[in-house]
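In what follows, residues are counted from 1 in the order of the sequence shown.
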Amino acid sequence: MRKTGLLHVVLLRGICAICIAIVLSFGVAPLPALAFTEQQKLVMEVWRIVNRAYLDETFNHQNWWFTREKALKRPINNWEDAYKEAQSMLQKLDDPYTRFLPPEQYQSLQTNTSGELLGVGLQIAKDDENQNLRVIAPIVGSPAERAGLSPRDEIIAINGISTQSFSLDEAAARMRGPAGTIVTLKIERSGVTPFEVNLTRERINLNPVFSELRFEQGNQVGYIRLGQFNGNAVEDIRAAITRLEQQQANGYILDLRNNPGGLLQAGIDIARLWLDEGTIVYTVNRQGILESFEAGAGAMTQKPLILLVNGGTASASEILAGALQDNHRALLVGETTFGKGLIQSLFDLSHGSGLAVTVAKYETPDHHDINKLGITPDRTVTNEPITPDQVATTKDVQYKEAVETLMESIMPSLT
């Protein structure tokens with residue numbers, strides 16, 4: 001009987017071992033490949049890029065894997081469905097700067113950074129999903145600037161439709177259109193009854209640099225206004241400094257007011273035109289890893305420099321301003337800057353679409369995180385409302401203060 005019992009136990013163990021082996025073999029067997037449509041592949045690619053690169057590794061405290069599974073369970077029958085699903089997925093991040101760009105919007109964004117756009121010339125922001133759009137700055141010479149729109153104006157309606165439900169790109173798309181057509185914006189401004197303004201769309205050439213030699217209080221001043229950090233900005237600034245040096249400028253005023261930023265690399269390269277040494281900016285990814293960008297011992301001039309800034313000075317403009325302020329290369333005059341300290345990367349997707357993802361934040365050389373805080377100028381001066389023709393004239397109190405500050409810097413260098 002004992003032998004029979006032992007044999008029974010051995011047989012059970014053998015059967016269990018076979019069962020375990022079978023289970024294990026099934027566990028490692030390759031699963032049948034799922035036949036995803038091209039539209040589903042697009043949604044998955046958006047999910048993968050965010051999963052790999054997004055700054056906030058909690059994904060706004062969302063279960064990002066669950067988000068993917070839910071998205072793929074929904075019917076995605078055409079490209080419009082795919083675009084809506086990608087946008088819906090990204091909304092869970094509550095980050096207005098991380099966004100899916102359908103082909104038309106992606107092409108428009110690329111055109112904007114390359115030097116030309118079609119519309120009314122407004123740079124806009126939206127901090128939270130259900131808030132109104134805010135004006136960062138009107139583009140110099142644009143219909144929006146000529147109409148007197150200002151930084152921190154709120155756009156509460158476009159053609160009679162509330163902007164609270166619009167994403168940044170939806171709002172931008174509604175303001176773009178064929179040259180000669182009209183768009184009506186309803187504006188809310190502090191201390192003023194909400195009002196409507198009709199803007200005629202036009203083709204806007206983004207020539208970002210204006211410069212000239214001026215004579216102020218017996219000194220030759222190189223005045224440079226930089227409107228945007230697009231693909232032309234670095235070489236245009238280099239050419240302006242070269243020309244003004246040949247004209248023997250004694251010092252410089254660099255006007256970054258209402259400059260909404262643009263290309264990060266352009267901001268870094270322009271800082272190098274003014275700095276011989278020192279850190280320009282630190283970038284910090286979601287692992288907390290710091291990367292620094294340094295000056296390259298190639299400053300074109302060491303002459304005194306004043307920067308003009310205001311609430312429309314944002315993003316790459318703030319990188320430049322922070323680099324020159326923290327390295328004691330320039331004094332800042334004007335108002336606290338906008339406070340956009342987040343960095344986005346653009347990713348090409350299938351079917352001509354694109355994806356903008358917040359991949360890092362930046363810190364100034366002295367490790368100031370300016371996101372939603374801005375940079376405080378060395379001398380704070382609040383401007384009264386002025387027309388575009390009065391910018392950098394005697395009617396412009398910020399410019400006048402910049403001239404006075406520059407004179408204080410120039411005089412010791414001339415003695």
Side-chain angles (χ1 to χ4, degrees), residues 113-116 139-142 145 204-263 265-278 280 295-309 313 316-317 319-321 323-325 327 329-334 388-394 396 398-414:
T113 56
S114 68
E116 186 180 76
I139 294 171
V140 175
S142 69
E145 187 196 47
I204 301 167
N205 292 315
L206 300 175
N207 182 6
V209 176
F210 168 82
S211 65
E212 67 179 8
L213 188 71
R214 298 182 171 188
F215 294 90
E216 302 281 2
Q217 300 183 24
N219 288 288
Q220 298 186 126
V221 173
Y223 173 75
I224 303 173
R225 183 165 65 241
L226 177 59
Q228 188 184 49
F229 289 82
N230 65 22
N232 306 321
V234 179
E235 290 310 311
D236 287 351
I237 290 286
R238 189 191 308 276
I241 296 173
T242 298
R243 183 172 60 254
L244 292 166
E245 283 290 288
Q246 291 171 347
Q247 295 173 328
Q248 299 183 334
N250 301 126
Y252 291 88
I253 295 174
L254 178 58
D255 195 341
L256 297 177
R257 291 175 297 177
N258 295 343
N259 182 323
L263 300 175
Q265 191 60 49
I268 292 167
D269 289 342
I270 290 173
R272 287 174 174 149
L273 300 180
W274 300 98
L275 284 170
D276 259 337
E277 60 182 7
I280 293 170
M300 297 184 67
T301 177
Q302 297 294 339
K303 292 173 183 172
L305 173 64
I306 306 298
L307 263 58
L308 276 167
V309 297
T313 304
S317 290
I319 288 175
L320 177 57
L324 299 179
Q325 184 185 52
N327 282 289
R329 177 63 184 89
L331 293 174
L332 273 57
V333 173
D389 292 339
Q390 293 173 329
V391 171
T393 69
T394 54
D396 183 344
Q398 291 176 337
Y399 174 76
K400 288 171 63 178
E401 182 64 28
V403 170
E404 292 295 331
T405 306
L406 183 62
M407 293 304 109
E408 295 171 11
S409 301
I410 284 177
M411 295 315 294
S413 67
L414 292 179

**Item:** Heavy-atom closest contact (V309 atom, A321 atom, distance)
**Value:** CG1-CB, 4.4 Å
**Item:** Heavy-atom closest contact (S317 atom, L256 atom, distance)
**Value:** O-CD1, 3.9 Å
**Contacts of Q325 that satisfy side chain to side chain contact (heavy atoms under 4.5 Å, CB included) - sequence neighbours left out** = L332, I375, D378
**Request:** Keeping to residues at least two apart or across chains, list the salt bridge (charged side-chain N to carboxylate O under 4.0 Å, His left out) pairs with something in residues 254-263.
**Result:** D255-R257, R257-D396
**Validation row: F215, Q220 side chains within 4.5 angstrom (heavy atoms)** = yes
**Message:** Taking salt bridge (charged side-chain N to carboxylate O under 4.0 Å, His left out) as the definition, give me every residue that meets it alongside E235, ordered by chain and number, with sequence neighbours left out.
**Reply:** R238
**Asked** To the nearest 0.5 Å, what is the distance between OG1 (T242) and CD1 (I237)?
**Response** 11.0 Å
**Prompt:** Tell me, do M407 and V221 make a side-chain contact under 4.5 Å, heavy atoms counted?
**Reply:** yes
**Request:** Please list, chain by chain and in numerical order, all residues satisfying side-chain hydrogen bond (donor to acceptor under 3.5 Å, both in side chains) with Q247, sequence neighbours excluded.
**Result:** none
**Request:** Take L308 and L254, measure what side-chain contact (heavy atoms from CB on, under 4.5 Å) needs, and give me the verdict at the end.
**Result:** CA-CA 6 Å; L308 276 167; L254 178 58; over 6 Å; no
**Asked** So how far is it from N258 CG to I139 CD1, rounded to the nearest 0.5 Å?
**Response** 11.0 Å
**Item:** Shortest non-hydrogen contact between K400 and T394, atoms and distance
**Value:** CD-O, 3.0 Å
**Asked** Taking side chain as C-beta onward, heavy atoms only, is N327 less than 4.5 Å from I280?
**Response** no
**Prompt:** Once you round to the nearest 0.5 Å, how far does CG of L307 lie from CZ of R329?
**Reply:** 10.0 Å
**A266: partners by side chain to side chain contact (heavy atoms under 4.5 Å, CB included), with sequence neighbours left out** = F229, V234, L263
**Asked** Would you find a donor on one side and an acceptor on the other, under 3.5 Å apart, between the side chain of N259 and the backbone of T313?
**Response** no
**Prompt:** Do you know the tightest heavy-atom contact between L324 and A271?
**Reply:** CD2-O, 4.5 Å
**Residues in side-chain hydrogen bond (donor to acceptor under 3.5 Å, both in side chains) contact with E245, at least two apart in sequence or another chain** = Y252, T301, K303
**Asked** side-chain hydrogen bond (donor to acceptor under 3.5 Å, both in side chains) with Y399: which residues, sequence neighbours excluded?
**Response** R214, E216
**Item:** Distance in Å, I306 CD1 paired with S409 OG, rounded so as to fall on 0.5 Å steps
**Value:** 4.5 Å
**Spatial distance of atom CG (L305) from atom CD1 (I224) [nearest 0.5 Å]** = 8.5 Å
**Request:** Could you list the residues that satisfy side-chain hydrogen bond (donor to acceptor under 3.5 Å, both in side chains) with Q302, not counting sequence neighbours?
**Result:** D276
**Contact summary for A240 and S211, nearest pair of heavy atoms** = CB-OG, 3.5 Å
**Request:** Quick one: list whatever passes salt bridge (charged side-chain N to carboxylate O under 4.0 Å, His left out) with R225, sequence neighbours left out.
**Result:** none
**Asked** When rounded to the nearest 0.5 angstrom, what distance separates CG in N250 from CG in N219?
**Response** 5.0 Å
**Residue pair I253 / L406: nearest heavy atoms and the distance that separates them** = CG1-CD2, 3.9 Å
